[in-house]
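Inspection log for the structure reproduced underneath, given as structure tokens.
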Number of protein chains: 4
Amino acid sequence: MHVTYELAEQAMAAAIAESKKIGTQMCIAVVDSGADLKAFVRMDNAWVGSVDIAIKKAKTACFFAMNTGQIGQLSQPGGPLYGIEHSNDGLITFPGGVPIVDTDGVLIGAIGVSGSSVENDHQVAKAGAEAIGVSDLPEHPWRT
Amino acid sequence: MHVTYELAEQAMAAAIAESKKIGTQMCIAVVDSGADLKAFVRMDNAWVGSVDIAIKKAKTACFFAMNTGQIGQLSQPGGPLYGIEHSNDGLITFPGGVPIVDTDGVLIGAIGVSGSSVENDHQVAKAGAEAIGVSDLPEHPWRT
Amino acid sequence: MHVTYELAEQAMAAAIAESKKIGTQMCIAVVDSGADLKAFVRMDNAWVGSVDIAIKKAKTACFFAMNTGQIGQLSQPGGPLYGIEHSNDGLITFPGGVPIVDTDGVLIGAIGVSGSSVENDHQVAKAGAEAIGVSDLPEHPWRT
Amino acid sequence: MHVTYELAEQAMAAAIAESKKIGTQMCIAVVDSGADLKAFVRMDNAWVGSVDIAIKKAKTACFFAMNTGQIGQLSQPGGPLYGIEHSNDGLITFPGGVPIVDTDGVLIGAIGVSGSSVENDHQVAKAGAEAIGVSDLPEHPWRT
């Protein structure tokens, strides 16, 4: 199941609103459950380098149905997933990418945000995801 | 000078409206004058393969301040730009990408559209560009 | 909607049977509606170079919901899609890739075959697709 | 000597059975001794991001006739193979890829598994490899 354009726009609007609320300039990407780009915006004055990072964060969160920051904890030197960033044409494994899961526990896509501190990036991504679904579902198995 | 987020959204909205008017499902990308992605949408049921093509059309039109179809005429076998598609991580040189030039004759970005016939793609891109500038300016030198 | 593993295996089995019937050695790839690999086999003595071609044919057919050979007719020098192969990390636009559409007219994936003449490749791909859906649907709009 | 299609299917079936036994959804790839893809399956609900990782694990194990986890121990910061992941279009060096060696001590291919914890990935890969050969052969020189 895929995030629709309408849902993607709602997630995008919520993320932009959150970004403005905390005074940041973000790149924001939404992908569907196949990790293919559905919507993207670069706010004025956002870093040009954040274009690719936002898209890769969204893809990474979708690829593994996990917050990018969680993957980053596992991919540190000595960790079980060290070097996973070399897969899938490059992952980004620090915070700012979160999966989007619908009320049936199905992964419908993901959102990636880049442009500020990783804490702010994650906060904005979470605001976007939660406008149309949930991003933290420990009790549900996520299905793709 | 760069297309702003507000202008990019206006171009996007005009392109989406034109796409709906002619009954097509498009991927639409707007880049700034540095050819960096500013906004993107994939309408529902648009081809997945059009994501990359729309973005590459926008970049190609911006890279050379020219409609992608014009470049394609020059890149045919035997033509002066034969093989130019191998540059810049891949160009798309058939119609659907148009530069966006402001009223001072300055290139402020470009828009790329993919999802239907190349005639429709070009028509939708032109509608997007002309919402915020002009796309055909033979008498002006384009400045970047 | 995605092709399931069970359906992918059925398509694969039908394609292998067709390949044996005509005495060829094929690489066969099935992708889901997001153009992501679902199943792949390389029959004994199939060309090593066909691995990538079979996968790219399946992706190409899925990207544009069209037989790869149809795209190839449009991408010849002077044609409207000349150079489209430069998109999406490389397309293959000669016959052997066909979309898979279910009875509701929804694109559920695609199959790509490489290893013999393009006529044989197409025939084997079609046999695989038709084991689980249809590949030619002129009267239906294909939805993704 | 190469793994045949028949052997690859036996390894695949054993890996799928092991995966089901422990309740996981895996991507599983088998490569021959040239590290070229021979067979691949993505079980339903397996992560999309695991497609590339399973294939890269199989290739990595074959490239160096070693479990991917062993290479990962050598590629840590300060280790002798630090950064080896940058070679060969990207390696994966955490557990889940194992070589397949026949009873004569000849490397005939490798299997890579991704979709769960690295312990589970390795267990499923080992089950696949041991259906058609051995995966741990300290006393034999491996020949390629």
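First the proteins, then the strands, lettered A, B, ... as listed; each starts at 1.
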**Prompt:** Looking at C/Gly79, C/Gly83, C/Gly78, which makes the most heavy-atom pairs under 4.5 Å with chain B?
**Reply:** C/Gly78

**Request:** Please look at B/Ser117 and chain C and tell me whether the side chain, the backbone, both or neither of the residue comes under 4.5 angstrom of a heavy atom of that chain.
**Result:** neither

**Asked** How far does OG of B/Ser114 sit from CZ of C/Phe63, to the nearest 0.5 angstrom?
**Response** 11.5 Å

**Item:** Spacing of CD1 belonging to C/Ile84 relative to CD1 belonging to B/Ile53, to within rounding of 0.5 Å
**Value:** 3.5 Å

**Message:** Just verifying a value: how many Å separate C/His86 NE2 and B/Thr60 OG1, rounded to the nearest 0.5 Å?
**Reply:** 10.5 Å

**Student check: side-chain heavy atoms of C/Cys62 and B/Trp47 closer than 4.5 Å** = no

**Asked** Taking all non-hydrogen atoms of both residues, which atom of B/Pro77 and which atom of C/Tyr82 are closest, and how far apart?
**Response** CD-OH, 3.6 Å

**Request:** Please look at B/Leu91 and chain C and tell me whether the side chain, the backbone, both or neither of the residue comes under 4.5 angstrom of a heavy atom of that chain.
**Result:** backbone

**Best-contacting candidate, B/Val118, B/Asp89, B/Thr93, against chain C by heavy atom pairs under 4.5 angstrom** = B/Val118

**Fill in**
Between the CD atom in B/Glu85 and the OG atom in C/Ser87, the distance rounded to the nearest 0.5 Å is 11.5 Å

